[in-house]
Amino acid sequence: MKEETRKQDKFTIISELARRRGFYWQSYEIYGGVSGFATYGPLGARLKQNIERKLRELFVDKLGVLEIESPVITPEKVFVASGHVEHFREPMVECVKCKKRFRADHLLEEVAGVSEAEAEKMSLDELSETLKKNSIQCPECGGALGEPKQFLTMFKTTIGPYSEAVGYGRPEAAQGIFVEFRRLYEMAREKIPFGVLQIGHALRNEISPRQGLLRVREFTIADLEFFFDPEEPDCHLLKEVKDEMLRLVLAEHRLKGSEKITEVSVAEALKKGYVKSEWHAVFMAYAKKLLIELGVSAENQRFIEKLPWERAHYSSQSFDQQVLVERWGWVEVSGHAYRGDYDLKQHAESSGVDMCVFKEYEKPVEREQLVIKPLMANLGPVFKNEAGKVAELLSKADPQEVEVSLKKEGFFKIGKYKILPEHINVLRQKTVERGRRFIPHVVEPSFGSDRLLYVALEYAYRAKEDRALLNFPPDIAPIQLGVYPLVSKDGLPEKALALCRELVDEGFVAEYDEAGSIGRRYARADEVGIPLGVTVDYDTLKDGTVTVRDRDSWKQVRSPSKDLPQLLHRYFRKKIGFDALGAPI
RNA sequence: GCGGUUGUAGUCUAGUUUGGCAGGACAUCAGCCUCCCACGCUGACGACCCGGGUUCAAAUCCCGGCAACCGCACCA
């Protein structure tokens, strides 16, 4: 891209506008700034809250998902169990001569022809050895390579005064949900399926974050872990979104080097097996609708299926929801991973806590079961002090086998012990199974708040008659109303200020402005995306009506100020449009 | 992390070649004007990325750091 075009591209314009008007900027500016960290100003903080509120409305209010808030600092054990300590790192080697750094595993793949799967499994020592064996040198300058080192992309810290109590800043909010699964399951009244949402900060020590809000080291993630029974994978919400169209870039096409878009309905995507789980597909549909509500039209969105080696270690199928932005092309705004039972299983194993759920059958299943009961009175005298061991072995034996062997041979050999019929009772016992125990499967939609905010900004940006305008959807606009006196004299300011207070009292985010000409104030308001302007003029003094101005069309309607609260509430709830706010002028 | 380019009020920028009072525009604030889209007038506020060096004197030259942009690399 040419320097000139870059100067005017939307990323530059948005970044400048964001800084100037207080949406966001780079943190720690007074000390020169630190890349990968952003501070949200008054407008940005509010915009972000509004976007997150929409996530809550969608998932918590409508779908009944539970929301929690858990710590960022996490003891090492958790991320050892989750696999992050092992996988959230890159082996790097540095050239001794030119100091360039390379991924050690990638070098082996490219230069020595080691397969990707193999290279990924290697330890540092193995990598080092293989590099030496193949006498691999710096691909840039031919210099010698140093020892490979791990670059861990999690932030490491210690908990309390003991250096051995290692902790990490979480790179995702999901683990905070998995480790609390038992309690959350109880709070869901032990009913499956259910979902848990967490919106909070996550940390990733990116090597070189350079894309403004799109890649920061500390960011806000909205992880929704949805737990369901893999044997009953049906989603009751499917009917609501089955006809929603999804634009998919499938792995099979990507493997052939194509980014062909397959446009199918949710129902079709499932039928054709493009998306493996109903819940997965349903959440993708909701994600698409959410982005539309944030101002990103369908044709500027797509879901790209991750290739096996691009997927995170826990995932068996993943789609990234991407949005087209001007400077960088397609960028990820949400990830949709099928995590299976990976995480709960890992935590169950590491912690020793059972992560199974119990699901009652509609009708209990009666089952006749073969049971072996050792008759200790008879075993004792024969095996003496080994009798206990024999009994234990018997409890592990397959009853079926025991019975068959006894019938056929007249005895059953277990280890070095010979069991005769009189040593045991073989019973047919009726048991009633009332349900099933299993580890739930998880589908995870995971949104990056900061990225949602950036795309909402970029898609809201319009240049109109040489001035900037942000046409946020009214329900995410950081400021809802601008209230103005037409001129600042003759009692109009007092009247307007009173009206503004009244509207704030009614629960609106309204701002009063009397500085400069009315045109200038409209322009100022447009630039931060205030959807409606309410202007008090001389007619207001006579008949109590005010003008309401629409940010996008600049149209105006006239309405009695006393009707405003009710009308505006309906407008911001999307019950009525702008024209219904009053009489045309 | 590497290489190249760059860093002047909130924003855009002049000045850097050749060291010598840092200037403008927009925005903001106060006042005037103003009956609906950045009008005009008066005034005010406000900057040389940070640290060190050379020099009588540094925005300017040199060194180091930080940051941004571009390229490379990286992005579980």
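The sequence lines fix the lettering, A, B, ..., with proteins before strands; numbering per chain opens at 1.
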Say whether, by atom type as modelled, one donor and one acceptor occur between the side chain of A:Asp537 and the main chain of A:Asp539 under 3.5 angstrom. yes
Paired with A:Leu457, the side-chain contact (heavy atoms from CB on, under 4.5 Å) test is passed by just one of A:Ile13, A:Ile14, A:Leu452, namely A:Ile14
Six-ring centre of A:Tyr168, A:Lys156 cation under 6.0 angstrom, axis tolerance 45°
no
Counting just side-chain N and O atoms, does A:Gln26 come under 4.0 Å of either OP1 or OP2 of B:rA68?
yes
Backbone N/O of A:Lys10 and side chain of A:Glu326: donor-acceptor pair under 3.5 Å: yes
Note to self: Any base atoms under 4.0 Å from A:Tyr484, or only sugar-phosphate, or nothing? Heavy atoms, all strands.
What the structure shows: nothing
Over-ring placement of A:Arg217 relative to A:Phe155, 6.0 Å and 45° cut-offs:
no
In whole angstroms, the gap separating P of B:rA68 from CZ of A:Arg215 amounts to 12 Å
To the nearest angstrom, the CD1-P distance between A:Ile30 and B:rC50 comes to 12 Å
Ring pair (Phe, Tyr, Trp, His ring centres under 6.0 Å) between A:His336 and A:Phe303, worked out
CA-CA 9 Å; A:His336 298 256; A:Phe303 289 92; 5.7 Å; yes
Rounded to whole Å, the OH-C1' distance (A:Tyr28 to B:rC49) equals 18 Å
Atom CD of A:Glu16 and atom C1' of B:rA27 are separated, to the nearest Å, by 13 Å
Taken to the nearest whole Å, CZ/A:Phe37 to P/B:rA68 is 11 Å
Heavy-atom nearest nucleotide on RNA chain B taken for A:Glu206 and for A:Arg20; more 5' hit belongs to A:Arg20
Atom CG of A:Leu43 and atom P of B:rG10 are separated, to the nearest Å, by 18 Å
Within the 4.0 Å heavy-atom criterion, would you say A:Ser35 contacts the bases, only the backbone, or no part of the nucleic acid? sugar-phosphate
Mate of B:rA67 across any strand shown (Watson-Crick or G-U wobble, both atom pairs under 3.5 Å) is B:rU6
Protein heavy-atom contacts under 4.0 Å, written 5' to 3' over nucleotides 32-39 of chain B as B (base), S (sugar-phosphate only) or - (none), form the string --BBBBBS
Atom CZ of A:Arg327 and atom P of B:rC69 are separated, to the nearest Å, by 7 Å
Only residue of A:His441, A:Glu444, A:Gln317 satisfying side-chain hydrogen bond (donor to acceptor under 3.5 Å, both in side chains) with A:Arg339 is A:Glu444
The Watson-Crick or G-U wobble partner of B:rU16, with both key distances under 3.5 Å, is none
Rounded to whole Å, CD of A:Gln211 lies from C1' of B:rA68 at a distance of 14 Å
Report which part of the nucleic acid A:Arg19 touches: base, sugar-phosphate, or nothing (heavy-atom distance under 4.0 Å, all strands). sugar-phosphate
